[in-house]
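Residue numbers count from 1 along this sequence.
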Amino acid sequence: MNIVFFGSIPTATSCLKKLVSLFGKQSIFVITDHGYETDEGETVFEFCKRENLNIITLDELSNSSERYDYGFSVRFNKIISKQVINKFNKGIINFHGGPLPDYRGSANHIFAILNEEKNFGPTFHFIDEGIDTGNIIATKMFEISEDDTGYTLFQKTLNTGEKVFYELIKKIASGQEIKSVPQNLSEGNTYKVKDLRKYQHINSLDLSEKELLKRLKAFYHPYKSGVILELGDEKIEMKLQR
């Protein structure tokens with residue numbers, strides 16, 4: 001079986017390790033961001049170099065005459081074209097950080113806090129030409145606690161997704177057919193990072209305590225900016241103490 005893996009972040013590394021354990025190094029080709037850096041764990045590129053995995057580029061894949069069985073995209077940050085999608089006999093499976101169809105797009109963990117959701121979780125789906133519109137394979141929901149922030153929700157989603165990913169590839173390795181169901185494209189929402197600004201940037205403290213706390217939770221991240229209070233030319237960052 002020929003497989004292409006798309007991803008860069010440490011969660012993608014964990015998923016790739018599981019893939020290698022089941023299918024071996026020689027059957028896997030990896031597309032990753034060579035320049036991606038993080039303090040949160042080993043990147044896909046670092047793992048591939050250490051283990052001598054086959055790294056290729058999107059252009060090489062697009063221009064290749066080769067065909068592949070499955071593709072796996074784990075939090076991959078580039079658009080995968082129709083030309084690339086058509087190179088896979090079984091399709092490309094994407095690890096999406098939110099329940100579909102309600103949370104298409106990006107930064108779903110932050111919007112979930114802002115929307116006061118009670119439950120959340122990742123979805124695995126086949127990639128098509130749309131934005132998170134492909135057939136759904138599996139969604140795994142968990143409860144959002146009172147103490148959750150955007151950051152903890154993101155981490156829970158990644159951890160839950162890793163477990164689902166492993167169960168999924170074990171089915172593939174055993175020869176099982178991966179079943180999926182179409183989305184109702186008239187339902188759901190698509191969220192964009194640019195839409196977060198109106199919640200993250202405020203120009204007065206004339207918010208209820210509940211609303212301010214919700215925004216502080218939504219935008220909490222140990223390495224990123226919190227809520228920004230703009231007073232004239234001055235900007236003051238407000239952040240939960242965790």
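The side-chain hydrogen bond (donor to acceptor under 3.5 Å, both in side chains) check on Tyr166 picks up nothing, with sequence neighbours excluded. Glu209 meets the side chain to side chain contact (heavy atoms under 4.5 Å, CB included) test with no other residue; sequence neighbours excluded. Scanning for side-chain hydrogen bond (donor to acceptor under 3.5 Å, both in side chains) contacts around Lys163 gives an empty result, with sequence neighbours left out. Remark: Gln83 engages Ser62, Ser81 in a side chain to side chain contact (heavy atoms under 4.5 Å, CB included) (not counting sequence neighbours). The side-chain hydrogen bond (donor to acceptor under 3.5 Å, both in side chains) check on Lys170 picks up Glu167, with sequence neighbours excluded. Considering only residues two or more places apart in sequence or on other chains, Ser145 meets the side chain to side chain contact (heavy atoms under 4.5 Å, CB included) condition with Asp147, Asp148, Lys156. Leu213 pairs by the side chain to side chain contact (heavy atoms under 4.5 Å, CB included) definition with Lys217, Leu240, not counting sequence neighbours.
Hydrophobic clustering keeps Ile93 apart from Phe88 (ILVMFWY residues linked when any side-chain heavy atoms are closer than 4.5 Å, directly or through intermediates). The cluster map of Ile, Leu, Val, Met, Phe, Trp and Tyr, joined by side-chain heavy atoms under 4.5 Å apart, puts Phe76 and Val20 in different clusters. Leu216 and Ile236 fall within the same hydrophobic cluster, defined by Ile, Leu, Val, Met, Phe, Trp and Tyr side-chain heavy atoms under 4.5 Å apart, directly or through other members. Under the 4.5 Å side-chain heavy-atom criterion for ILVMFWY residues, no single connected hydrophobic cluster contains both Ile3 and Tyr68. There is a path of hydrophobic side-chain contacts, each under 4.5 Å, that joins Tyr199 to Leu153.
Using modelled atom types, one side-chain atom of Thr13 and one backbone atom of Val44 make a donor-acceptor pair closer than 3.5 Å. At least one donor-acceptor pair closer than 3.5 Å links the side chain of Gln183 to the backbone N or O of Gly134. Checking side-chain atoms of Thr43 against main-chain N and O of Ile9 turns up no donor-acceptor pair under 3.5 Å. With hydrogens and angles disregarded, no donor-acceptor distance shorter than 3.5 Å links the side chain of Thr160 to the backbone of Thr157.
Here the side chains of Glu162 and Thr11 are in contact, with some heavy-atom distance below 4.5 Å. Taking the side chain as every heavy atom from C-beta outward, Ile178 and Ile172 approach each other to under 4.5 Å. No side-chain heavy atom of Asp128 sits under 4.5 Å from any side-chain heavy atom of Lys82. The shortest side-chain heavy-atom distance between Ile202 and Leu207 falls under the 4.5 Å cut-off. Contact of the Phe5 side chain with the Ser73 side chain is not registered, since no non-hydrogen atoms from C-beta on lie closer than 4.5 Å. Within the 4.5 Å cutoff, side-chain heavy atoms of Lys17 are placed close to those of Phe47. Leu168 places a side-chain heavy atom less than 4.5 Å from the side chain of Ile137. For the pair Arg75 and Leu158, the minimum side-chain heavy-atom distance is below 4.5 Å.
Note: His125 NE2 to Phe95 CZ = 11.0 Å, rounded to the nearest 0.5 Å. We find the OG1-CD distance between Thr38 and Glu46 to be 9.0 Å, quoted to the nearest 0.5 Å. Distance check, rounded to the nearest 0.5 Å: OG1 of Thr190 to CG of Asp195 gives 10.5 Å. Distance check, rounded to the nearest 0.5 Å: NZ of Lys49 to CG of Asn52 gives 8.0 Å.
Here the shortest heavy-atom pairing between Asp132 and Gly105 reads OD2-N, 2.7 Å. Of all the heavy atoms in Ser106 and Val193, the pair that sits closest is CB-CG2, 3.7 Å. For Ala107 against Leu196, the heavy-atom pair with the smallest separation is CB-CD1, 3.7 Å.
Aromatic ring orientation, His109 versus Phe154: tilted (interplanar angle from 30° to 60°).
Here Phe165 and Phe72 bring their ring centres to under 6.0 angstrom of each other.
Remark: Lys171 does not engage Glu177 in a salt bridge, criterion side-chain N to carboxylate O under 4.0 Å. Salt-bridge annotation for Arg215 and Glu211: present, with a side-chain N of the basic residue lying under 4.0 Å from a carboxylate O of the acidic one.
Applying the salt bridge (charged side-chain N to carboxylate O under 4.0 Å, His left out) test to residues at least two apart or on different chains, none of the pairs has a partner in residues 83-111. Every pair tested for ring-ring contact (aromatic ring centres under 6.0 Å, His included) that includes a residue from residues 128-148 fails, sequence neighbours excluded, so the list is empty.
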Between side-chain atoms of residues 111-121 and protein atoms elsewhere (two or more places apart, or another chain), which donor-acceptor pairs fall under 3.5 Å?
unit_1: Asn115; atom_1: ND2; unit_2: Tyr103; atom_2: OH; d: 2.9
unit_1: Asn115; atom_1: ND2; unit_2: Phe111; atom_2: O; d: 3.2
unit_1: Asn115; atom_1: ND2; unit_2: Tyr191; atom_2: OH; d: 3.0
unit_1: Glu116; atom_1: OE2; unit_2: Lys214; atom_2: NZ; d: 3.1
unit_1: Glu117; atom_1: OE2; unit_2: Tyr103; atom_2: OH; d: 2.7

Report all side-chain donor-acceptor pairs from residues 21-36 shorter than 3.5 Å, counting only partners two or more places apart or in another chain.
unit_1: Ser21; atom_1: OG; unit_2: Lys18; atom_2: O; d: 2.6
unit_1: Lys25; atom_1: NZ; unit_2: Glu51; atom_2: O; d: 3.1
unit_1: Lys25; atom_1: NZ; unit_2: Glu51; atom_2: OE1; d: 3.0
unit_1: Ser27; atom_1: OG; unit_2: Phe23; atom_2: O; d: 2.9
unit_1: Ser27; atom_1: OG; unit_2: Gly24; atom_2: O; d: 3.3
unit_1: Thr32; atom_1: OG1; unit_2: Gly7; atom_2: O; d: 2.7
unit_1: Thr32; atom_1: OG1; unit_2: Ser8; atom_2: OG; d: 3.2
unit_1: Asp33; atom_1: OD1; unit_2: Gly35; atom_2: N; d: 2.9

When the side chains of residues 222-235 are checked against the rest of the protein, which donor-acceptor pairs come out under 3.5 Å, sequence neighbours left out?
unit_1: Glu230; atom_1: OE2; unit_2: Arg197; atom_2: NH2; d: 3.3
unit_1: Glu230; atom_1: OE2; unit_2: His201; atom_2: ND1; d: 2.6

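Other residues, nucleotides and ligands contribute over 12 non-hydrogen atoms within 6.0 Å of the CD1 atom of Ile56. Within a 6.0 Å radius of CD1 in Ile79, no more than 12 heavy atoms belonging to other residues, nucleotides or ligands are found. Atom NZ of Lys239 is surrounded by more than 12 heavy atoms from other residues, nucleotides or ligands within 6.0 Å.
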Asn184 vs Ser186, test: side-chain hydrogen bond (donor to acceptor under 3.5 Å, both in side chains). Steps then yes/no. CA-CA 5 Å; Asn184 184 340; Ser186 66; 2.5 Å; yes

Show your working on side-chain contact (heavy atoms from CB on, under 4.5 Å) between Thr139 and Val164 and close with a plain yes or no. CA-CA 9 Å; Thr139 299; Val164 177; over 6 Å; no

Evaluate Met1 against Asn89 for side-chain contact (heavy atoms from CB on, under 4.5 Å), listing each step before the verdict. CA-CA 11 Å; Met1 180 176 290; Asn89 298 324; over 6 Å; no

Please determine whether side-chain contact (heavy atoms from CB on, under 4.5 Å) holds for the pair His96 and Asn108, giving the CA-CA distance in whole Å, both sets of side-chain angles, and the decisive distance to 0.1 Å. CA-CA 10 Å; His96 176 70; Asn108 298 301; 3.4 Å; yes

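A side-chain contact (heavy atoms from CB on, under 4.5 Å) with Phe6 holds for exactly one of Ile92, Val74, Ile127; it is Ile92.
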